[in-house]
Every structure is written in C-alpha cells, then in structure tokens.
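Below you'll find the structure, written out as structure tokens, and then a few comments.
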Amino acid sequence: MSTATYAVRDSATMLRRNLKHMARYPSMTVMLVGQPLVFLLLFVYVFGGTMGAGLPGAPAGDRGDYLTFITPGILMMTVASVSIGTAVLVATDMTNGIIDRFRTMAIAKSSVLTGRVLGAMIQTALALAVIFGVAILLGLKTAASAPQWLGLVGLLALLSFAMTWFTVALGLASPDPETASNLPMIFVLLPFVGSGFVPVESMPTGLRWFAQHQPFTPIMDAFRGLLAGSPDGSDTLWAIGWCVVIGLVGYLWARRLYRTRAAH
Amino acid sequence: MVGMTTRTSAIEVSGLRKSYGDQEVVAGVDLTVPAGTVYALLGPNGAGKTTTVRILSTLLAADAGAARVAGYDVRREADQVRASIGVTGQFSAVDELLTGRENLRLMADLGHLDRRRTETVVERLLERFDLIEAADRRAVTYSGGMKRRLDLAMTLVAGPRLIFLDEPTTGLDPRSRRELWGIVRELVADGVTVFLTTQYLEEADQLADRIGVLDGGRLVAEGTAAELKRLVPGGHIELRAADSERVAELARRLPGANPNAPALTVTLPHDGSLTELRRLLDGIDDDAVTGLAVHAPDLDDVFLALTGHPTDELPEEVPV
C-alpha cells in the first residue's frame, strides 16, 4: 500500500476511535447540543416578544420574526459549542500517554488530527441538524431556494471545518482539559457582540465598530441572507474569507503544536 | 560503534547529549545492546533515563551524538525505527473509553495487520496477559496492574523484535510487579530485545543481562549485575544506635559512615574481613550501639560507591 493509502486507512481508524468516544461519552454531546438549544428557546420564548418588536423595519416584528433573526447566531453558537468538546478531547489525549504511543508507531502522522477533525465535523453536523429541526418546528421562516440551501450547508461545513482546526490547536495549546474547556467559550459568546441577536446598528459606537468588524458578523449575515433567499455577495465572500483564515491559522498552528509539543 | 552496524546489535548509541536550557539531561551516553538481551538503565528520578528512551524511540531529537535502533538511524530513518520497535512509556497509554479488546484492535489496525491476523493476535494477547474476562470492559474500570498489562499487550500487537519499557513497574503492587517480570522473561525467551529503565535495583538485578548505571545524565558504570557488585569489594555494616545524638557521634567518628537519623542507624562500607569488623567493634562504646548487622554487597552499595549518594534518595524501594 502507498503512503496515501495508509494516510486514509489510519485516518479512518482514528475516526472510528473518535466516534466510539462520542458514543461512550454521550453526556458531553448532549451538553454541547443542549447549550445552543437552551439559548434558542430562551431567546425565542423569554426575550422574543420584546426583541421582535424592536427589530428595525415596519411593521414591528413578533416572536417568529425574532426566531428568524437569531437562527444564524444560534447556528454559529452550535458550531462553537461543539468545538469546545473537540478542544477538551484533544487536551485529554495530550495529557494521556496514548499520543506518545501513536507517535512511536509507523502510522501516517496526520491521521491523529485528521481523525479528530472528521469526528468533530460529524458531531457538528448532527448538532446542526437538531438545531435546524427545532428552529423549523418553532416556525423558522425561510425563503431559501435549493441552491441557497446548498450554499448554506456548504458554508456551515466550511465554518465547522475551520472552527474545528482552530479548536484542535487550542486543545493542543492547553496544559489540561479544564483550560481547553474554557478557552473556546469566547466563540460561544462572540455571536452576542456581533449581528447574532440584535442589529449592530443599535449598539454604542465603540462596540458597534467591533461588532461590525469581528469575523463572526459577516458569517452570520451570510447565513441570514441565504435563509432569507437574498444572499449578499459581499457578506458571503467575507464569510468564506474569514473561514479560510481561521481554518488555515488553526491548521498550521495545530500541526506545529502537534509536532513540537511533548505530552508531558 | 555507530556506522559499523552488525546484525547482532539492537541498539548502538554514541556520544548522546540532550539539554533543556542550560541543564544537560543526557551528558554523553555511549552504549550497545546486543540483540536478544535485556538492558536495564538504572538510576534515580532525573538521571536522564526517560529522556534517553524518548530519544531512542524517536519522540525527541538529541542535541548531539548518534543512535541506531534496529539498524536504523533514529533521526534520518525514524519511520523504519518506528516500524521495528514497541514502546511502553512511563505513563499509561491505553484508551480508557475503549475496552481492552478494542484497544488491541486499534493497535492492530494502526499496525496494518489483516483481519485474520488481527483476530488471532488479539485473542492470543488477551489470553497471555490474563485479560480475557475483562476484554469487553472499558479500560477505565481496570486496576493499575491490568492497565499495565494491557499497555504492554498493546505494545506487542504488531510483533516488534525490540521493545522499550520506561519504568514498567513503577506504582505497581509487588504481585503485579512479579507478574510483569514474568512476562518480560517470556519475551526474552522468544528472542525479543528489551531495553528498560528502572529506579529499582532489584528489578535490574532480576531481569537484565547488562545494567547501565545512569546518574546526572552520565553512565557511571556498566556491566552485568555480578560485575557491578564486584566493583564494591564488600557489603556494608549497619549499626543501630540508642538515640540521635549517638547517631551523630558515630557518623562523626567512623570514616565513610552514612547516618540515617530518623531510623537511628549508621551504615558504613565494609570489605567483608574480620580484621576490619574487629577494629570497628573495638572503636565503639558498648552502650552506643544497640544492634549490628553485616550485609553482603548488593546493588545499593554499588550505587552508593559509584555515585556518592545512597539510593535511599530514591522515592521508594522494591519490597524484596
């Protein structure tokens, strides 16, 4: 077998290992999916009436309009939430001797991290399916055409790929699993300081500047445009650009850390 | 000699050095391990044992020196080295969320064994390491000794002819320790070369064909257990004193004495001769000493003689 065949075979082996981990540790998946789900319900049913009325444009919106407005932010939060789990699992691996064992074996070096990223993307896909399902049950309004749905799925896949690589690096950089579970929290909170839950125009000047320019805002705006059936080319390009940057930085950083960091 | 690899050397190391900052952890180690033998690297914590194993098992690059493992250069031919060795590190390297059988299968998959061979090897190892009953339980439920056995079984899945064991019995109870010694002896009987590190003199004595005594990153002595013991002509005498004042006084008066105040004992080297014993007894007041024991030379004496510090600086002793 060639080196490339081994890389695929070893990555598949590592993926199987990670899927088993998820099955054996279901409370973590439930917690990671539960977090955005709770935010979704909280924002729609507790804040939704008031917030919907505050949305710009006439006539004033309602709870259902607010659901549609925050769905992109909740999707973003879902991807971020699952990535916390990835960081924790990577950090746990690193504090255990098993990574050293893998490193002394004649296997494709990339397979340890590739298997981890593939597993996390499957987990993210499941989580997003749950969140989408609930949002649609609650009355999400969408005018997206089939190609726009495809674009949305593609962008979500790109985002979760990028975020996963970035949080793999965070997991590798963390001295222990506790730190690894705290670092990515920022990504769960970042949609709030952006266009996730309120229009950025309603924020005070300094904050508004940050909210307009932080990477998650164009990504959430691109989701919003695609869901509404009227995608904005500029938002979509910025969203793709930011995903590529986050993914590339995460990938290179993770690769470097994996090569240099000893398990102890 | 590196470069002139002969088929009979499993490991050849010359001038190996590694520093962290300005601290030299491995300070010029040379050693050769013939194939099919057991080599024990003996030393206290911080002597450089683990660093040496990490370099030889391709986990760490040396600053200087050369090392060939299974005939391959550890730096330039790391993949060939990895394909030839098995490593059981100091810290547990089992996947605790997987069962024992799944852990072994994982190793078989990563070792690119075909399906039929995987089944045979996994079942054989489960049986050999007494893990059949626990095979389908998650490793997190295993005892320390079982985890260690699984760890070693995982190392053997791909059938390496050379294995590294970094402090294989640290933290194990005496029974598990003896079981592990038995397994190592079986491996050697199958012709496998074993390179192990230990801080237990007893362990090196029990298992190794050759022992390298590592202290401060340097090999201070090397040889068979018998050769090392011969370096120290006699054993030691242990005097039991009535109180700590007398311990201090004895230590002051007797040349080469090593006081142990909490235990109220003083040990001093002894060449085994009656003359010296008599001279010693003549020099001690009757009421200063409550007991006396003459010990034949053991590796503790070797360690003390070679390194200038006793092994009781080690964290714990092997129960004999």
Side-chain angles (χ1 to χ4, degrees), chain A residues 1-29 85 88-116 119 123 176-177 258-264, chain B residues 20 50-51 53-61 69-70 72 74 77-99 102-103 105-114 118 138-140 147-148 150-152 154-155 157-158 160 162-164 166-167:
Chain A
M1 271 198 273
S2 71
T3 318
T5 324
Y6 278 140
V8 172
R9 184 175 169 178
D10 294 342
S11 299
T13 302
M14 292 298 182
L15 174 60
R16 274 202 303 280
R17 167 176 181 251
N18 296 331
L19 292 178
K20 272 183 196 146
H21 282 185
M22 284 173 210
R24 303 273 157 90
Y25 198 1
S27 58
M28 184 152 188
T29 311
V88 171
L89 289 171
V90 169
T92 308
D93 263 356
M94 293 307 282
T95 51
N96 187 301
I98 199 142
I99 289 285
D100 271 352
R101 181 185 285 289
F102 293 149
R103 281 202 250 201
T104 59
M105 298 178 75
I107 58 172
K109 265 192 215 67
S110 58
S111 63
V112 177
L113 297 184
T114 308
R116 185 56 80 196
Q123 203 175 20
D176 50 61
Y258 183 69
R259 279 189 187 158
T260 53
R261 200 193 132 172
H264 299 283
Chain B
Y20 289 109
T50 295
T51 306
V53 169
R54 291 179 71 85
I55 293 170
L56 296 182
S57 59
T58 76
L59 284 170
L60 198 64
V69 170
Y72 300 107
V74 287
E77 300 164 302
D79 276 336
Q80 286 95 323
V81 171
R82 289 182 190 131
S84 316
I85 64 171
V87 185
T88 299
Q90 198 173 341
F91 299 94
S92 172
V94 308
D95 189 326
E96 297 196 335
L97 285 178
L98 301 185
T99 66
E102 285 169 341
N103 266 295
R105 286 223 179 103
L106 175 67
M107 291 300 112
D109 288 343
L110 293 175
H112 308 127
L113 270 57
D114 64 41
T118 297
R138 291 183 204 180
V140 72
K147 265 185 208 163
R148 210 63 198 156
L150 176 59
D151 211 332
L152 188 51
M154 286 165 76
T155 300
V157 168
L162 166 58
I163 62 170
F164 291 92
D166 192 9
E167 301 202 9

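The analysis underlying the following values was restricted to heavy atoms, covering all of them including side chains, and did not include hydrogens, waters or symmetry mates. Order of the sequence lines fixes the chain letters, A, B, ..., with proteins taken first and strands second; residue numbering starts at 1 for each chain.
Across every non-hydrogen atom of A:Ala106 and B:Asp79, the tightest pair is CB-O, 4.0 Å. The shortest heavy-atom contact between B:His112 and A:Asp10 is NE2-OD1, 2.7 Å. Between A:Arg17 and B:Leu98, the closest heavy-atom pair is CG-CD1, 4.5 Å. The minimum heavy-atom distance linking A:Thr13 with B:Leu106 is given by the pair CG2-CD1, 3.7 Å.
With sequence neighbours left out, the side-chain contact (heavy atoms from CB on, under 4.5 Å) criterion links A:Thr92 to A:Val88, A:Pro177. For the side-chain contact (heavy atoms from CB on, under 4.5 Å) test, residues two or more places apart in sequence or in another chain that qualify with B:Leu59 are A:Asp100, A:Arg103, A:Thr104, B:Arg54, B:Ser57.
If you measure heavy-atom distances from B:Ser84 to chain A, you find no contacts under 4.5 Å at all. With a 4.5 angstrom heavy-atom cutoff, B:Glu102 touches chain A only via side-chain atoms. When heavy atoms are compared at a cutoff of 4.5 Å, B:Arg138 approaches chain A solely by way of its side chain, counted from C-beta outward. Heavy atoms closer than 4.5 Å to chain A are found in the backbone of B:Val94, but not in its side chain.
Remark: A:Lys109 NZ is loosely packed, at most 12 non-hydrogen atoms of other residues, nucleotides or ligands lying under 6.0 Å away.
Of the candidates B:Asp95, B:Val87, B:Asp151, B:Asp151 is the only one forming a side-chain contact (heavy atoms from CB on, under 4.5 Å) with A:Arg101.
Note that CE of A:Met105 and CG of B:Leu110 are 5.0 Å apart. Values are rounded to the nearest 0.5 Å.
Of the listed residues (B:Ala158, B:Pro160, B:Ser92), the one with the most heavy-atom contacts under 4.5 Å to chain A is B:Ser92.
A salt bridge links A:Arg16 to B:Asp109: one of the charged nitrogens lies within less than 4.0 Å of a carboxylate oxygen.
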